[in-house]
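Model, not experiment: these values are computed from the prediction. So you know, we letter chains A, B, ... as the sequences are listed, proteins then strands, and number each from 1.
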Amino acid sequence: MTAPPAGRSPAPVKEPHAMNLFADIRALVVKALTDMTESGVLPGGLDLGNVTVEPPRDPGHGDMATNAAMVLAGPAGARPRDIATALAARLAEDPRIDQAEVAGPGFLNLRLAASVWPDLVRAALTADGFGRSAMGQGAKVNVEYVSTNPTGPVHVGHVRGAVFGDALASLLAYTGHEVTREYYINDGGAQVDTLARSAYLRYLEAHDLSVDWPEGSYPGDYLIEVGEALKSEYGDSLVGKDEGEWLPIVRPFATDRMMDLIRDDLAALGVRHDVFFSEKSLYGTGRIEAAIADLEGKGLIYKGTLEPPKGKIPEDWEPREQTLFRSTEYGDDVDRPIRKSDGAWTYFAPDIAYHYDKIERGFDQLIDVFGADHGGYVKRMKAAVAALSENRVPVDIKLAQIVKLWKDGEPFKMSKRAGTFITLRDLLDQVGPDVTRFHMLTRKNDAPLDFDFDKVLEQSKDNPVFYVQYANARIHSVLRRAREAGIAVDESALAGAVGALEHEAEIGLARKIAEWPRLVEIAARTHEPHRVAFYLYDLASDLHALWNRGNEEPALRFFQEGDAATSQAKIALARAAGVVIGEGLGILGVVPVEEMR
RNA sequence: GGACCGUUAGCUCAGCUGGAUAGAGCGCUGCCCUCCGAAGGCAGAGGCCAGAGGUUCGAAUCCUCUACGGUCCGCCA
């Protein structure tokens, strides 16, 4: 959204609720059906939940269609077309309905009155966030994403999950959920010891001591400055000491530095979290024990021996009694161990405790974003949450599929040794956060994604990022031109100037704008932010089409030379589209551009 | 052996709690434009929605089986 012009009268009063044309008309249909029940045309007790009002596939069928008659025919014991005919008569009484026509097997096609479209454009211009929805009713949702090990910079493999989780969180916030964005720091396992040992070697190097790098350590350059920092903090007091002495000092020091690094990387991508939750904080504080005790109280913990996995028996397999969580009780395939044979917790145990903590914090809904390689953990996590919350708290686990990198027309292989390992930083340096974010959302989260370093920067129609930004830039170019001609184009002036939309191409664009509030709700309900990206592409496409027609038919141009009133009316439509682009890109975390360079 | 995800136009992919004649971009074919309202436009061809059953007024969408591809599969995180 553009800030109101400085030095002007107060910002226009915003409508508290955005107009959702599809919801409004659906409410009208439901009202008509209720009336029909009351007057005995339909029997009582019908479930109207499956009644939909949606855009018809074929625009020739009108502006909207409802399936009410077909859905209710069975339960009501009536013929679809009879219900549709009766419903049509009632709907036609509403001023917003121009025509209601029974079609096909019992569809009711609705043509809306011409006055609906200027109302819609006005609503888009004056709403406080056109498309915002109260759907979530303030439900508390926890979205956990990124959660990379704090052992180094964020690399490209984590980016998709980061962008996805962030956009999903924004989408849910936009639709009336109370969202907490959370990062689980995996700082409890052996890999942070490895990190600490590697940092210690860098510390020794900072004292000009030569060191051997054992297999499996982290030799990355990013630890050099950690070694330097250790030196300036502790001087040479850690040199030559036993590991038992320096490890408790170096480990938190190094992980804190890594988290700073990660936070900076993510900030550059525009990703931020509200809560950073430390796995380590679960150990030695009784919190894991408390979570396991909860399961134990439900009879879900037992000692037993698992069958070896069929078809792929590990070489060193031997039957062994372990402490197990009865996850099969909640849909998992096998029960899962929560203790290693040496008595220590498995990774799963703190995970259970972490989710227990989320449940205790009172979230109504949990969402975890994992990498695709963690697909095998979905069932057990779901089982744990179901058991701990006694099926009260739903958890949705979204997997971010792999990203295939392309460069110079061929697959780009990453290799640490060849120095072609791509970090988030590299990516941002090369293509920037906006292109990265948008492109990462041009596929469904669970489908593989191609990321071509050359194509994502291409300025052409094939590139969705460019295409949407270009649409916005065109809108702003009209606004600039109008301002230069002394025409007021602030939202309230435009809202006051909206007139009837005359041309089919204009109505088509308005129709697309009307779909926005509906699309937002669908995307939020399905936890699929990519739908927003696809919608924006379609919207941009409609805007470009109208713009191009202006080349042939000057009457369709948004800016009408020497005619301020007509210009305002037409620019109002363009700006309404711009409002939606701004809202949509905002959800995706992409900054709209007002000018192409 | 099992689990999860996927399979839609030549290619890359959308497809709404099950709706009407399954869409977009690229590529292909034809026409138009060379205009800074620039970084092309319009139109067309192209489909057994992997296959087979089932559910129902209606299935790309839900269920079962099969085929193919990817990921994962007791102490790693």
Side-chain angles (χ1 to χ4, degrees), chain A residues 22 49-52 54-58 60-61 65-67 69-71 73-74 79-80 103-107 109 149 151 186 188-192 194 279 305-314 316-320 322 324 332-337 339-348 350-351 371-379 399 401-402 442-444 446-450 455 458-464 466-467 470 473-474 477-478 481 515 518-519 521-523 525-526 528 530-531 533-535 537-538 541 544-545 547-552 554 556-559 596:
Chain A
F22 287 88
N50 290 328
V51 172
T52 62
E54 49 192 57
R57 204 186 296 274
D58 183 348
H61 290 146
T66 177
N67 64 353
M70 289 181 293
V71 173
R79 285 186 302 188
F107 281 102
N109 290 330
N149 293 341
T151 53
N186 285 285
Q191 80 282 1
V192 285
T194 307
E279 177 193 355
T305 308
L306 290 175
E307 296 286 311
K310 293 194 171 75
K312 189 205 165 196
I313 300 172
D316 57 348
W317 174 270
E318 51 186 273
R320 191 164 285 172
Q322 303 172 99
L324 300 168
D332 201 358
D333 308 304
V334 291
D335 293 338
R336 305 290 177 176
R339 281 190 193 277
K340 304 179 196 174
S341 54
D342 65 0
W345 298 114
T346 62
Y347 178 76
F348 188 36
D351 252 351
D373 54 343
H374 284 63
Y377 294 89
V378 171
K379 282 193 176 183
L399 300 180
Q401 255 292 353
I402 193 166
T442 54
R443 285 286 175 274
K444 222 167 15 186
D446 53 7
L449 168 76
D450 286 340
K455 282 190 183 163
E458 208 169 274
Q459 303 217 330
S460 76
K461 191 179 175 177
D462 335 351
N463 183 351
F466 167 79
Y467 201 57
Y470 185 31
R474 277 183 154 173
S477 124
V478 176
R481 204 165 153 200
E515 284 179 31
R518 177 174 183 272
L519 182 282
E521 292 192 348
I522 291 169
R525 193 173 57 234
T526 53
E528 291 181 344
H530 76 275
R531 291 174 189 267
F534 279 93
Y535 169 85
Y537 183 83
D538 285 347
S541 175
H544 287 306
W547 182 284
N548 291 330
R549 291 188 72 145
N551 290 333
E552 309 291 322
L556 286 179
R557 296 185 175 193
F558 295 115
F559 181 77
M596 303 309 286

Rounded to whole Å, CG of Asp58(A) lies from C1' of C16(B) at a distance of 17 Å
Using the C1' atom as the point on both nucleotides, what is the distance between G23(B) and G15(B), in whole Å?
7 Å
Just by modelled atom types, is the Phe22(A) backbone N or O under 3.5 Å from a matching donor or acceptor in the Glu54(A) side chain?
no
Using the C1' atoms only, state how far U8(B) lies from U71(B), rounded to an integer number of Å.
22 Å
Shortest side-chain distance from Arg518(A), nucleotide among C76(B), C16(B), A20(B):
C16(B)
Using the C1' atom in both, what is the distance from A60(B) to C13(B), to the nearest Å?
14 Å
Just name whichever nucleotide pairs with U55(B), Watson-Crick or G-U, keeping both distances under 3.5 Å, else none.
none
So what's C31(B) paired with, Watson-Crick or G-U wobble, going by both distances under 3.5 Å?
G41(B)
Would you call His544(A) and Tyr470(A) a side-chain contact if the rule is heavy atoms closer than 4.5 Å?
yes
Can you confirm whether Ile402(A) is buried at CD1, in the sense that more than 12 heavy atoms of other residues, nucleotides or ligands lie under 6.0 Å from that atom?
no
Base, sugar-phosphate, or nothing for Arg525(A), non-hydrogen atoms under 4.0 angstrom?
sugar-phosphate
In whole Å, measure the gap between the C1' atoms of C26(B) and A14(B) for me.
14 Å
More 5' along RNA chain B: Pro55(A) or Val71(A), using each one's nearest nucleotide?
Pro55(A)
Is there a donor-acceptor contact under 3.5 Å from the side chain of Asp342(A) to the main chain of Ala344(A)?
yes
C76(B), OP1 or OP2 - any side-chain N/O from Lys340(A) closer than 4.0 Å?
yes
Does a side-chain N-to-carboxylate-O contact under 4.0 Å join Arg531(A) and Glu528(A)?
yes
Considering only the P atoms, how many Å lie between A59(B) and A50(B), rounded to the nearest integer?
15 Å
Can you tell me the base-pairing partner of C48(B)? Count Watson-Crick or G-U wobble geometry only, both distances below 3.5 Å, and say none if there is no partner.
none
Between U61(B) and G54(B), how far apart are the C1' atoms? Round to whole Å, please.
15 Å
For C72(B), give the paired nucleotide (Watson-Crick: N1-N3 plus N6-O4 or O6-N4; G-U: N1-O2 and O6-N3; both under 3.5 Å), or none.
G2(B)
Touch class at under 4.0 angstrom, heavy-atom based, for Gly189(A) against every strand present:
sugar-phosphate
Quote, to the nearest angstrom, the P distance that separates A67(B) from C57(B).
33 Å
Do Asp462(A) and Ser460(A) get their side chains close enough for a donor-acceptor pair, meaning under 3.5 Å?
yes
Counting only side-chain heavy atoms from C-beta out, which of G15(B), C76(B), U12(B) sits nearest to His530(A)?
G15(B)
Using a 4.0 Å heavy-atom cut-off across all strands, classify Asn50(A) as base, sugar-phosphate, or nothing.
base
State whether the distance check finds a donor on one side and an acceptor on the other, under 3.5 Å, for side chain Asn109(A) versus base A20(B).
yes
Contact class for Ala344(A) (heavy atom, under 4.0 Å): base, sugar-phosphate, or nothing?
nothing
Of the candidates A24(B), A20(B), G74(B), the side chain of Pro56(A) sits closest to A20(B)
C76(B) P sits how many Å from Arg339(A) CZ, rounded?
13 Å
Expressed as a whole number of Å, how far does the P atom of G6(B) sit from that of C62(B)?
9 Å
The side chain of Glu528(A) lies closest to which of these nucleotides: C76(B), U21(B), G15(B)?
G15(B)
Can you tell me the base-pairing partner of A14(B)? Count Watson-Crick or G-U wobble geometry only, both distances below 3.5 Å, and say none if there is no partner.
none
Whole-Å distance, Lys379(A) NZ to A3(B) P, equals 7 Å
The Watson-Crick or G-U wobble partner of U7(B), with both key distances under 3.5 Å, is A67(B)
Just by modelled atom types, is the Ile522(A) backbone N or O under 3.5 Å from a matching donor or acceptor in the Thr526(A) side chain?
yes
Spacing between Arg443(A) atom CZ and G6(B) atom C1', to the nearest angstrom:
14 Å
Is there a side-chain polar atom (N or O) of Lys444(A) under 4.0 Å from OP1 or OP2 of C13(B)?
no
Base, sugar-phosphate, or nothing: which does Thr526(A) touch, judged by heavy atoms less than 4.0 Å apart?
sugar-phosphate
Salt bridge flag under 4.0 Å for residues Lys379(A) and Asp333(A)
yes
Quickly work out the Asp335(A) CG to A3(B) C1' distance and round it to whole Å.
15 Å
So which one's nearest nucleotide on RNA chain B is more toward 5', Asp333(A) or Tyr537(A)?
Asp333(A)
Selected nucleotide, minimal atom distance to Pro337(A) side chain, candidates G6(B), C76(B), G74(B):
G74(B)
Write down the partner of A60(B) under the Watson-Crick or G-U wobble criteria, each distance required to be under 3.5 Å.
none
Within this structure, what is the CH2-NZ distance for the pair Trp345(A) and Lys340(A), rounded to the nearest 0.5 Å?
12.0 Å
Flag, side chain of Asn463(A) to backbone of Glu458(A), donor-acceptor distance under 3.5 Å:
yes
Describe the nucleic acid contact of Phe534(A) in one word from base, sugar-phosphate, nothing, applying a heavy-atom distance below 4.0 Å.
sugar-phosphate
For every nucleotide of nucleotides 26-45 of chain B, 5' to 3': is a protein heavy atom under 4.0 Å from its base (B), only from its sugar-phosphate (S), or from neither (-)?
S----------BSBSS----
Which listed nucleotide (G6(B), C13(B), G15(B)) is nearest to the side chain of Arg531(A)?
G15(B)
Closest to side chain of Ala447(A), choosing from U12(B), A14(B), U21(B)
A14(B)
